[in-house]
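Taking it in order: structure first as structure tokens, then the write-up.
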Amino acid sequence: RPPFMHAKALVVDDVAAIVGTANLDARSLRLNYETNVVVYDESFVAEVARAIQSEIAAAIEVDPVRWRNRPLISRLAQNFCALLAPAL
């Protein structure tokens with residue numbers, strides 16, 4: 001659902017914030033040269049924590065029962081796309 005935030009953000013013990021584009025996989029870290037930054041600024045960390053909480057509040061929880069019972073066409077499409085994951 002919009003708005004969709006694709007950034008990766010992490011707050012550690014309200015002391016540090018890590019923000020960036022990198023996923024924790026070999027492709028992001030070695031091939032795509034994506035990166036993150038670690039910030040030790042109290043006000044910045046608090047703002048990142050607020051942004052994360054705002055995103056969580058707007059999120060829709062995935063219901064495991066509904067997920068398992070999703071339409072066959074969705075499952076087939078997702079499994080087909082998973083085959084392409086190593087090439088993406």
Side-chain angles (χ1 to χ4, degrees):
R1 294 183 317 157
F4 179 82
M5 184 192 311
H6 191 68
K8 283 65 171 192
L10 173 71
V11 172
V12 181
D13 295 334
D14 295 322
V15 173
I18 303 169
V19 181
T21 60
N23 295 309
L24 295 178
D25 63 12
R27 185 172 188 84
S28 289
L29 299 174
R30 294 196 179 102
L31 180 63
N32 294 339
Y33 301 108
E34 295 186 56
T35 189
N36 293 343
V37 63
V38 180
V39 179
Y40 294 93
D41 177 78
E42 196 173 293
S43 62
F44 183 83
V45 172
E47 186 60 35
V48 172
R50 278 191 291 277
I52 291 170
Q53 289 303 320
S54 174
E55 290 292 319
I56 290 171
I60 297 173
E61 187 173 350
V62 175
D63 177 8
V65 174
R66 262 186 82 201
W67 174 254
R68 279 192 299 275
N69 294 322
R70 67 195 184 282
L72 177 63
I73 191 71
S74 295
R75 287 182 289 171
L76 291 173
Q78 290 160 352
N79 288 331
F80 176 75
C81 290
L83 293 173
L84 302 175
L88 300 175

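The figures here come from the full heavy-atom set of this structure, side chains too, leaving out hydrogens, waters and symmetry mates.
- The side chain to side chain contact (heavy atoms under 4.5 Å, CB included) check on Val62 picks up Trp67, with sequence neighbours excluded.
- Clustering of Ile, Leu, Val, Met, Phe, Trp and Tyr side chains at separations under 4.5 Å places Val15 together with Leu10, Val12, Ile18, Val38, Tyr40.
- Partners of Pro71 by side chain to side chain contact (heavy atoms under 4.5 Å, CB included), not counting sequence neighbours, listed by chain and number: Ile73, Ser74.
- Listed by chain and residue number, Glu34 satisfy the side chain to side chain donor-acceptor pair (under 3.5 Å) test with Thr21 (two or more places apart in sequence, or in another chain).
- Residues meeting the salt bridge (Lys or Arg N to Asp or Glu O under 4.0 Å) test with Arg75, sequence neighbours left out: none.
- Residues passing the side chain to side chain contact (heavy atoms under 4.5 Å, CB included) test with Asp63, sequence neighbours excluded: Val65, Arg66.
- With sequence neighbours left out, the side chain to side chain donor-acceptor pair (under 3.5 Å) criterion links Ser43 to Asp41.
- Remark: Gln78 pairs with Arg70 by the side chain to side chain donor-acceptor pair (under 3.5 Å) rule, at least two apart or across chains.
- For Val48, the side chain to side chain contact (heavy atoms under 4.5 Å, CB included) criterion is met by Ala9, Val11, Ala17, Val19, Phe44, Ile52, not counting sequence neighbours.
- Judged as a salt bridge (Lys or Arg N to Asp or Glu O under 4.0 Å), and not counting sequence neighbours, the contacts of Glu47 are Arg50.
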